[in-house]
**Q** 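Structure in C-alpha coordinates, see below.
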Amino acid sequence: MQKFVLIVLFVATISKADAWGWGECPKPEADAKYSDACYKATQPPSFVCNNMTPDEWVEKALESYPRCCAGDLTECKCPVKDYWFFKNKIDDYCAKVGICEPPAIVASDSSVPSGGSVTFLRG
(Lines give C-alpha, C1' and ligand atoms only; values in the text may rest on other atoms or scores of the structure.)
Protein backbone atom coordinates (compact mmCIF):
# COMPACT_ATOMS: atom_id res chain seq x y z
CA MET A 1 0.00 0.00 0.00
CA GLN A 2 2.83 2.41 0.81
CA LYS A 3 4.40 1.77 -2.58
CA PHE A 4 1.12 2.60 -4.29
CA VAL A 5 0.82 5.90 -2.41
CA LEU A 6 4.42 6.80 -3.24
CA ILE A 7 3.86 6.01 -6.92
CA VAL A 8 0.73 8.17 -7.02
CA LEU A 9 2.54 11.05 -5.33
CA PHE A 10 5.47 10.69 -7.70
CA VAL A 11 3.25 10.68 -10.79
CA ALA A 12 1.28 13.65 -9.47
CA THR A 13 4.48 15.57 -8.90
CA ILE A 14 5.91 14.78 -12.31
CA SER A 15 2.74 15.37 -14.30
CA LYS A 16 1.94 18.59 -12.39
CA ALA A 17 -1.32 19.17 -10.61
CA ASP A 18 -3.09 20.34 -13.79
CA ALA A 19 -3.28 16.79 -15.08
CA TRP A 20 -5.25 15.83 -11.99
CA GLY A 21 -7.63 18.80 -12.28
CA TRP A 22 -6.00 20.65 -9.39
CA GLY A 23 -4.50 23.53 -11.36
CA GLU A 24 -5.35 27.18 -11.29
CA CYS A 25 -8.79 28.46 -12.12
CA PRO A 26 -9.30 30.44 -15.33
CA LYS A 27 -8.80 34.18 -15.02
CA PRO A 28 -11.59 36.68 -15.79
CA GLU A 29 -11.44 38.61 -19.05
CA ALA A 30 -10.10 42.17 -19.11
CA ASP A 31 -13.63 43.55 -19.66
CA ALA A 32 -15.16 41.38 -16.94
CA LYS A 33 -18.73 41.87 -15.71
CA TYR A 34 -17.79 41.74 -12.01
CA SER A 35 -15.04 43.19 -9.84
CA ASP A 36 -11.80 41.34 -9.16
CA ALA A 37 -12.76 41.11 -5.48
CA CYS A 38 -16.00 39.40 -6.47
CA TYR A 39 -14.20 36.80 -8.61
CA LYS A 40 -11.74 36.08 -5.79
CA ALA A 41 -14.51 35.83 -3.19
CA THR A 42 -16.61 33.38 -5.16
CA GLN A 43 -13.89 31.22 -6.71
CA PRO A 44 -14.69 27.55 -6.13
CA PRO A 45 -12.08 24.81 -5.66
CA SER A 46 -9.95 24.23 -8.75
CA PHE A 47 -11.51 20.87 -9.60
CA VAL A 48 -14.83 22.71 -9.95
CA CYS A 49 -13.76 25.96 -11.60
CA ASN A 50 -11.78 24.26 -14.37
CA ASN A 51 -15.15 23.25 -15.85
CA MET A 52 -16.67 26.74 -15.60
CA THR A 53 -15.95 30.28 -16.74
CA PRO A 54 -15.35 32.93 -14.07
CA ASP A 55 -18.70 34.56 -14.89
CA GLU A 56 -20.47 31.21 -14.46
CA TRP A 57 -19.09 30.63 -10.97
CA VAL A 58 -20.06 34.16 -9.86
CA GLU A 59 -23.55 33.69 -11.28
CA LYS A 60 -23.90 30.36 -9.45
CA ALA A 61 -22.86 32.06 -6.21
CA LEU A 62 -25.34 34.90 -6.75
CA GLU A 63 -28.06 32.38 -7.60
CA SER A 64 -27.54 30.43 -4.37
CA TYR A 65 -27.11 33.54 -2.19
CA PRO A 66 -30.82 34.18 -1.44
CA ARG A 67 -31.44 30.50 -0.64
CA CYS A 68 -28.39 29.78 1.52
CA CYS A 69 -27.54 33.14 3.08
CA ALA A 70 -30.88 34.29 4.47
CA GLY A 71 -30.48 32.44 7.76
CA ASP A 72 -33.18 29.89 6.94
CA LEU A 73 -31.51 27.01 5.09
CA THR A 74 -34.69 25.17 4.10
CA GLU A 75 -34.47 26.46 0.51
CA CYS A 76 -30.70 25.88 0.24
CA LYS A 77 -29.96 23.08 -2.23
CA CYS A 78 -26.52 22.17 -0.86
CA PRO A 79 -26.52 18.46 0.03
CA VAL A 80 -24.43 19.06 3.18
CA LYS A 81 -26.36 22.07 4.49
CA ASP A 82 -27.31 20.28 7.72
CA TYR A 83 -23.76 19.38 8.73
CA TRP A 84 -21.67 21.37 11.20
CA PHE A 85 -18.81 22.10 8.77
CA PHE A 86 -21.24 23.74 6.33
CA LYS A 87 -22.84 25.81 9.07
CA ASN A 88 -19.41 26.90 10.32
CA LYS A 89 -18.38 28.21 6.90
CA ILE A 90 -21.57 29.55 5.33
CA ASP A 91 -21.53 32.91 7.16
CA ASP A 92 -18.03 33.71 5.89
CA TYR A 93 -18.98 32.60 2.37
CA CYS A 94 -22.15 34.73 2.42
CA ALA A 95 -20.17 37.79 3.51
CA LYS A 96 -17.83 37.27 0.56
CA VAL A 97 -20.63 36.76 -1.98
CA GLY A 98 -22.38 39.83 -0.55
CA ILE A 99 -19.75 42.10 -2.12
CA CYS A 100 -20.79 40.97 -5.59
CA GLU A 101 -23.51 42.83 -7.38
CA PRO A 102 -25.28 41.73 -10.53
CA PRO A 103 -23.98 43.66 -13.53
CA ALA A 104 -25.96 46.79 -14.29
CA ILE A 105 -27.75 47.00 -17.60
CA VAL A 106 -26.49 50.14 -19.26
CA ALA A 107 -28.85 51.73 -21.75
CA SER A 108 -27.28 52.92 -24.95
CA ASP A 109 -27.78 56.52 -26.07
CA SER A 110 -30.05 55.34 -28.88
CA SER A 111 -32.72 54.22 -26.37
CA VAL A 112 -33.34 57.76 -25.15
CA PRO A 113 -35.55 59.86 -27.45
CA SER A 114 -33.93 63.06 -28.59
CA GLY A 115 -37.11 64.93 -29.49
CA GLY A 116 -37.59 66.33 -26.01
CA SER A 117 -40.63 64.23 -25.15
CA VAL A 118 -40.52 60.89 -23.45
CA THR A 119 -43.09 58.31 -24.43
CA PHE A 120 -44.38 55.95 -21.79
CA LEU A 121 -45.85 52.51 -22.22
CA ARG A 122 -49.36 52.27 -20.95
CA GLY A 123 -50.68 48.93 -19.79
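These numbers come from a predicted model, not from an experiment.
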**Q** SG-SG distance between Cys68 and Cys94 under 2.5 Å?
**A** no

**Q** Which atom names give the shortest non-hydrogen contact between Tyr39 and Tyr34, and what distance separates them?
**A** CE1-O, 3.2 Å

**Q** Can you name the nearest heavy-atom pair linking Cys49 to Pro26, along with the distance?
**A** O-CD, 3.5 Å

**Q** Looking at every non-hydrogen atom in both residues, tell me the closest pair between Glu63 and Arg67 and how far apart they are.
**A** O-NH1, 3.4 Å

**Q** Under a single-linkage definition using a 4.5 Å side-chain heavy-atom cutoff for Ile, Leu, Val, Met, Phe, Trp and Tyr, are Trp57 and Phe47 assigned to the same hydrophobic cluster?
**A** yes

**Q** With the side chain counted from C-beta on, respond yes when Glu59 and Lys33 share a heavy-atom pair under 4.5 Å apart, and no when they do not.
**A** yes

**Q** How many angstroms lie between SG in Cys25 and CE in Met52, if you round to the nearest 0.5 Å?
**A** 10.0 Å

**Q** Enumerate the side-chain hydrogen bond (donor to acceptor under 3.5 Å, both in side chains) contacts for residues 71-83, please, sequence neighbours excluded, ordered by first and then second residue.
**A** Asp72-Thr74

**Q** With the threshold set at 4.0 Å, does a side-chain nitrogen-carboxylate oxygen contact exist between Asp36 and Lys40?
**A** no

**Q** Give me the atom names and distance for the closest heavy-atom approach of Ser64 to Tyr93.
**A** OG-OH, 4.2 Å

**Q** Compare every heavy atom of Thr42 with every heavy atom of Ala61, then report the nearest pair and how far apart it is.
**A** CB-CG2, 3.7 Å

**Q** Could you check whether any side-chain heavy atom of Val97 comes within less than 4.5 Å of a side-chain heavy atom of Cys69, counting everything from C-beta outward?
**A** no

**Q** Please report the shortest heavy-atom distance between Phe86 and Leu73, naming the atom on each side.
**A** CE2-CD1, 4.0 Å

